[in-house]
Structure formats: structure tokens, C-alpha cells
Amino acid sequence: MTRTGDQLVTDYDYKNNGRGPTINESIRLNSAGYPIQWEINGNTTFGNKIDEYFQLEGQQATWQDATGNGATTISDDAFYIDQSGTPYSIFLAAQVLLKAEDHTVPALPAGHLQLTEMESLESSAANETITLKSYALSGAGLNPTYFILDEANAFFAFMTPRFIVIRSGHEDEEARLRQLAETYSAQRFENLQAKFAHKYSQDWRIRNVKIFDPKSLALTELVSVLVADGKIKSIDSPDVVSANNEIEIDGDGGTLVAGLYEMHGHMGVNSALLNVIAGVTSVRDMGNSNDVLANLIDDIESGVLAGPRITRLGMIEGKSPFNNNNGYLVENEAQALEAVQAYADQGFYGVKLYNSMNGDWAPAIVKKAHELNLHVAGHVPAFSNANAMIKAGYDEMTHINQVMLGWVLEPEEDTRTLLRLTALQRLPELDLNSTAVQETLDLMVKNNTAIDPTLAIHEALLLSRNGSTSEGVLDYIEHMPANVQRNAKVAWASIANDQEDLAYRLAYDKIIATLKLMKERGIFLVAGTDLGGAFTMHRELELYQQLGYTPAELLKLASYDMAQYLGHKDRGAIEPGHLADFFLIPNDPTKDLKAIKTISMVSRGGVLYFPSEIYPEFGIKPFVESPKIKQ
């Protein structure tokens, strides 16, 4: 970043796992530090072109972003919230907010920004100790952004639990500050847990409800359900006489559904509570910072934080210019086998192999993993193909594009780049009756290899377009904060022309056709999103209706079937002795799956959460009212 007077120019380029944004940003400030001219160009993480600007002339503000054009008249200074700018805009906002009354200013296109001081810190490098302060910036999205300024209020660091931008010379602070961001998020969610988790010392009963039975794929007659010590104690008639001191909840004729599984998560503090109040009470984590995840699980299981029950897969990735930074990075087969042993020793459920790992090591890795009773899933390593991984013994293929690319790529093409996404434009020409396709499907059937297709992320990648609200969010987007609504109108991929537009749309159709074939052949589909779960988990299940599943079959798939797949005998259905993990909705989800989006209550191990109480903390308008409770 360079600054000349009131003009700032920033060149920003970041790549992880072969993808990331490239941004050129030019900003002009007024005397109070507010942007009055802002031009942003470049490409987003998945290659969508950035052409954004903001301009303030007098009291007339105009802007253009991926959603289209906007304009308004303002009477006081307001800080424009950029859609696709660099992290440096956070520090420009901080300079304004530090001087503002109550550290709050109006924002454009809507809302307010607020600054909260967190704590004083120190950092040492080259025998120099710098005094710092950390801050939280709220108002731009669902969760605060954390950053650090020095004594002169100049930039020092912007940090998340997974990603950090830090002043040159202080790179050794990276791990500490990522953990600090995790701690700040945890503190916020600890407060939410303390405020909104309803924990009762006595038994509680919900009356006047029907239960979705995954074995019959139907709803029961009206019943009442008694919960004690975090488990379902009994299922009784709706008018059974309560024992003394039971708390009663009126289900009002609604439906109880066993908690859902998100089978492709990368869990963090920010997403834990949102998953629970969306009915997702179990998550399979598919690769994470091992230390951060361990701390998160401890906090959830101790009751400090709200969150789903987490099943861990540990990532094994090869070192390369494109590598992912989670899990264990290895440089040879021996190190990869050591990583397998380490995950087994730590009690992980399985391992996940990733893009930069040498595919030739897969047979030995899988063999050792299976000897240790570990499940094996993963991407297809670069310069290999799905057939090789299935033959090596993968229990499960991760992402449908990882399988299908083997049918359209040349052996020398490198999938560690965005090619693994952009090459999907070749799918429309693919013949699903071809020898190559049928050979892969035959191998999957023969080896009982499952597929975790993450269909919702492919819908977002292939069908989202600038200026149009993505179909996957239409049912709930009007309940979300303004900036979330705005970002729902942004394409993921670069769509250069009508030909590419059509190719991507037809590619999605080909993915659907392929998954239909897999379902018809008896290949087991694992329902996960890689999009954070919660609302997107609902969408993942909706999309499976295109494959021929009924709503009832999908409720069973996402609860009972996933519990059986992971070997969890204590959940997946609402039965006496099972964990009290379930949610209440007003309508019948076997007739319309969209009913699962209107959740009025969630029980996670007998602790109750009412979404109508919690959503406003995220700027989300509640969907339905909470049930009535008699104590």
C-alpha cells in the first residue's frame, strides 16, 4: 500500500490452495478520513471479475458493484462498505470510528459500523517491542472482524482463526494472533451461550407433537416426548399426566425431526451456534487447524459454547506452492504414514487426503489407515484420477467435480489451480455412457465407495450470476442483514461471455445427471456442503430432490443414515435412550422439505435453543415464534 496525501493505492494478491483474490484498489479520502472516491479492480477467489467503484459528490453518493448500481443522498458522512476490496479498508474505517461519538458511524449501502476495543498487547521483533491494541469491527456482516493497531493507530494485523495479514517483520506472531482471533470469537459466543442456552435442572416434556420416524418415512400420531439428563426418556401419549416439577412445552401440533448431520464441515466458532439453531446437531469436520478444532470441541462439550457434536477427519496434504495449510503437511510417504498414526493416536475418525499430496502414496496411506480402523476420504491428488484413488482403497470420494474431472482432463493438467473449477465447462460434451464414466462407476460399486458430492457449492459456483440473487438463498435471504443480501447477488466464477454462461449451466445439469446415475447404481451419497452448513445444509438436501429422493428419504438420509454411516448408535432418530438432539417445526417436512427452514426450537442434548431469540444477535430476522413454555 502506498499513500500520497489523500490518495491510497493498494495491490493485494493472496493465494492458498491454488486460489485467492487479486485486487487493485485506489481510494481518495476527505478531510475527515471518509472515502469519497473508491475504485476496485481485479478478480475474486474463484475468478469473478471485480469492477467496483464508489463516489461521493456533495451529498450524492453513487456506487457500482457486482450486484449493479446504487445511489442515495446523505446528510452526514457515511462510510462505504466495500464488497470486494482489500482488508486495508478495515483500518480506514477504524480511523474514522476512533474519532466518532460512541465509535459508531452510518454505513453505505445501509446500516452502521461500530468499533469495540478489545485489549492491549505487545509484539517484539528485531529487539523492538511495540505496544498494540486489538479491536472488533461490527456491522458489515454476521460476525465482527478483528484487527490490531499500533500506538499511532497504524495498521499492524488483521486476523481470523485461519488467515492473517500482518506487518512485515512480525510474521512469527501469526500463530498467536490467529489463536487470539479464535479467542475473541469464542468470548462473543460464550456470552451468547450464557444468555440464550436454556438449561433445566428438572425433566422437561414437549406435548402435542408428531415425530418423523426415519424407519417408516412417516410422521407418528400426536405424542409427547420426555427428556431427562440430555436423553429421550420416553415417548408417551399427548395427554399423559406429568410428574411433579416437569417443565412443559407446547408443540402446537408441529413436527419433531432428529438433528441433522452436516457431513462436510470445517468448523469454527462463528458457525457453531448457527448450525445448532438450524437443526444441525452433528458435524463431520473434513480438515481444520488441529489445535483450533481441539479447543473448539472442548468448549462445546463442556457447555461453554453452543455447537454441534463434531466427528474429526484429519487432513494430510503434500507441501507445494499450492498446498492447503490445515492438518499435517508432508514431504514424503514416510511422513504421510506418520501423520496417519498421529491422527489415530489422537482419536480421529478418519483421514482426508488433499490436492498436493503425491497420489502414488495413497495405497500405503490407505492400508495403514484401515489397519488403524480409520475412514479414508479425500480429493484426487494432482496428476492422478478418481479411478486410482478408488483402487487405492478410498472409502469415500470428496466433491463430485473431483470424480468427474478425471473424465475430461489431460494427464498433465494441474488441478491444484482454479482449473479444477473452470474445467467444468468441458462437462456438457461428456457422454455418461462412455467407457471412462462407466469404469469409474463400476469401481465405486465394486469397492463400495461413497461420494460426498457437496452439490450446493457446485450450484453456487456454476449458476450464480452478478446482479441476480442466487436461487439457493431465495427462501431466507430477505431475513438476512443488508450486506449478506448484497453478497448473494455476486457470481463465484468469471463468466466471460454467453458461451461460458451456457457451458456452466449445462455443466450443472451434467453433474445432476451423474449423481442420478450414481444413486441408481446404489452408490451411497453423503450429504455435506463445504459451505458452513446451517442454512446451506437445508439447501443441500433440497437439491437432492433433483436426484429422485423424496423429502422423507432426505430427512432419513441427513439424520438416521448419516448416524449409521458414522457408527453413531445414540442419535439419528427420536427414540427412548437416544440423545435429545432434535428440532421442532410447525409443518410437515415429508410433504415439503422447505419446512425444515422454519425451526422454532432446537434441543441439543436437552439444552434448548430458540432461534427467534438468537437470530437478532446476528442481524437476522426470525422465521417463526418460539413455542410456549410452562414452568
So, does Thr598 use its side chain to make a donor-acceptor pair with the main chain of Ala595 at under 3.5 Å? yes

Value for CG (Leu462) from CG (Leu455), rounded to nearest 0.5 Å, stands at 9.5 Å

Whether His379 side chain and Tyr354 backbone form a donor-acceptor pair below 3.5 Å: no

So among Thr45, Thr417, Thr22, which one has a side-chain hydrogen bond (donor to acceptor under 3.5 Å, both in side chains) with Lys15? Thr22

Heavy-atom donor-acceptor pair, Lys352 side chain to Leu313 backbone, under 3.5 Å: no

Aromatic plane relationship, Tyr615 with Phe623 - under 30° parallel, 30 to 60° tilted, over 60° perpendicular: perpendicular

Between Ser89 and Asp82, is there a side-chain donor-acceptor contact under 3.5 Å, judged purely by atom types and distance? yes

If we only count heavy atoms from C-beta on, is the Ile400 to Met518 side-chain gap below 4.5 Å? yes

What is the distance from atom OG1 of Thr469 to atom CD1 of Ile477, rounded to the nearest 0.5 Å? 6.5 Å

So, taking the atom named CG in Leu192 and the one named CD1 in Ile614, what distance separates them when rounded to the nearest 0.5 Å? 7.5 Å

Are any of the side-chain heavy atoms of Asn143 and Arg188 separated by less than 4.5 Å? yes

Can you check whether Phe91 and Phe158 have ring centres sitting under 6.0 Å from each other? no

What I'd like to find out is whether the side chain of Leu547 reaches to under 4.5 Å of the side chain of Leu525, using heavy atoms alone. yes

Would you confirm whether Glu500, through its side chain, and Ala496, through its main-chain N or O, come within 3.5 Å as a donor-acceptor pair? yes

Between Asn466 and Asn48, is any side-chain donor less than 3.5 angstrom from a side-chain acceptor? yes

Checking ring-ring contact (aromatic ring centres under 6.0 Å, His included) against Phe54, which of Phe79, Tyr34, Tyr80 comes through? Tyr80

Show your working on salt bridge (Lys or Arg N to Asp or Glu O under 4.0 Å) between Arg505 and Asp501 and close with a plain yes or no. CA-CA 6 Å; Arg505 294 183 188 279; Asp501 177 272; 3.0 Å; yes

I need the Asn324 CG to Met315 CE distance, nearest 0.5 Å. 4.5 Å

Those residues that, when tested against Glu553, pass salt bridge (charged side-chain N to carboxylate O under 4.0 Å, His left out) (two or more places apart): none

Donor-acceptor contact present, side-chain His103 to main-chain Leu97, <3.5 Å: yes

Nearest heavy atoms of Val9 and Ser26, plus distance in Å: CG2-OG, 4.3 Å

Below 4.0 angstrom, N of the basic side chain to O of the carboxylate: do Lys489 and Asp65 qualify? no

Taking Val380's backbone N and O only, do any of them form a donor-acceptor pair with Ser384's side chain (distance below 3.5 Å, no angle check)? no

Heavy-atom distance under 4.5 Å between the side chains of Pro586 and Val624, does that happen here? yes

Side-chain donor-acceptor contacts of residues 276-285 below 3.5 Å, not counting sequence neighbours, with atom names and distances?
{"unit_1": "Ser282", "atom_1": "OG", "unit_2": "Arg571", "atom_2": "NH1", "d": "3.1"}
{"unit_1": "Arg284", "atom_1": "NE", "unit_2": "Met263", "atom_2": "O", "d": "2.9"}
{"unit_1": "Arg284", "atom_1": "NH1", "unit_2": "Glu396", "atom_2": "OE1", "d": "2.9"}
{"unit_1": "Arg284", "atom_1": "NH1", "unit_2": "Glu396", "atom_2": "OE2", "d": "3.3"}
{"unit_1": "Arg284", "atom_1": "NH2", "unit_2": "Met263", "atom_2": "O", "d": "3.0"}
{"unit_1": "Arg284", "atom_1": "NH2", "unit_2": "Glu396", "atom_2": "OE2", "d": "2.5"}
{"unit_1": "Asp285", "atom_1": "OD1", "unit_2": "Gly287", "atom_2": "N", "d": "3.0"}
{"unit_1": "Asp285", "atom_1": "OD2", "unit_2": "Met267", "atom_2": "N", "d": "2.7"}
{"unit_1": "Asp285", "atom_1": "OD2", "unit_2": "Asn288", "atom_2": "ND2", "d": "2.8"}

Do Tyr544 and Glu540 have side-chain N/O donor and acceptor atoms under 3.5 Å apart? yes

Could you pull out the closest heavy-atom pair between Pro428 and Leu506, with the gap in Å? CG-CB, 3.6 Å

One pair to check against salt bridge (Lys or Arg N to Asp or Glu O under 4.0 Å): Asp592 and Lys594. What are the steps and the verdict? CA-CA 5 Å; Asp592 184 358; Lys594 291 181 185 293; 6.0 Å; no

Report yes or no: does Gln545 contribute a side-chain atom to a donor-acceptor pair with the main-chain N or O of Pro551 at less than 3.5 Å? no

In terms of ring plane angle, is the pair Phe147 and Tyr135 parallel, tilted or perpendicular, where the classes change at 30° and 60°? parallel

Just do the side chain to side chain contact (heavy atoms under 4.5 Å, CB included) check on Tyr261 and Met537 with the steps written out, would you? CA-CA 9 Å; Tyr261 278 75; Met537 188 63 222; over 6 Å; no

Within this structure, what is the CZ-CG distance for the pair Phe189 and Asn270, rounded to the nearest 0.5 Å? 4.5 Å

Main-chain N/O of Asp11 paired to Asn24 side chain as donor or acceptor, under 3.5 Å: no

Test item: Ser470 side-chain N/O and Gly472 main-chain N/O as donor-acceptor pair under 3.5 Å: no

Do Tyr12 and Tyr88 have ring centroids that are under 6.0 Å from one another? no

Would you say CD of Glu429 has more than 12 non-hydrogen atoms from neighbouring residues, nucleotides or ligands within 6.0 angstrom? no

Just by modelled atom types, is the Ser84 backbone N or O under 3.5 Å from a matching donor or acceptor in the Glu52 side chain? yes

Any idea which heavy atoms bring Pro144 and Ala136 closest together, and the distance? CB-CB, 4.1 Å

Contact check, side chains of Ile511 and Leu427, non-hydrogen atoms, under 4.5 Å: yes

Name all residues meeting the salt bridge (charged side-chain N to carboxylate O under 4.0 Å, His left out) criterion together with Arg426; count only those two or more places apart in sequence or in a different chain, and write none if there are none. Glu413

Report yes if some heavy atom in the side chain of Ile50 is under 4.5 Å from a heavy atom in the side chain of Ile23; otherwise report no. yes

Locate the shortest heavy-atom distance separating Val96 from Gly33; write the atom from each residue and the value. CG2-O, 3.5 Å

At what distance, to the nearest 0.5 angstrom, does CD1 of Ile310 lie from CG of Leu296? 4.5 Å

Hydrogens and angles aside, do Trp407 and Thr440 bring a side-chain donor and acceptor to less than 3.5 Å of each other? yes

So, for Pro453 and Leu515, which heavy atoms are closest and what is the spacing to 0.1 Å? CB-CD2, 3.8 Å

Is the shortest side-chain N to carboxylate O distance from Arg178 to Glu174 below 4.0 Å? yes

Are any of the side-chain heavy atoms of Val484 and Val473 separated by less than 4.5 Å? no

Is there side-chain contact between Val165 and Thr86, with heavy atoms separated by less than 4.5 Å? no

Would you name the heavy atoms of Pro481 and Phe618 that are closest together and state the gap between them? CG-O, 3.4 Å

With a 6.0 Å cut-off (strictly less than), is the heavy-atom count around NZ of Lys49, excluding the residue itself, greater than 12? no

Starting from the C-alpha separation in whole Å, work towards a yes-or-no answer on side chain to side chain contact (heavy atoms under 4.5 Å, CB included) for Asn355 and Arg420. CA-CA 10 Å; Asn355 297 327; Arg420 68 178 182 272; 3.4 Å; yes

Against Met286, only a single residue in Thr454, Asp452, Asp530 fulfils side chain to side chain contact (heavy atoms under 4.5 Å, CB included); can you say which? Asp452

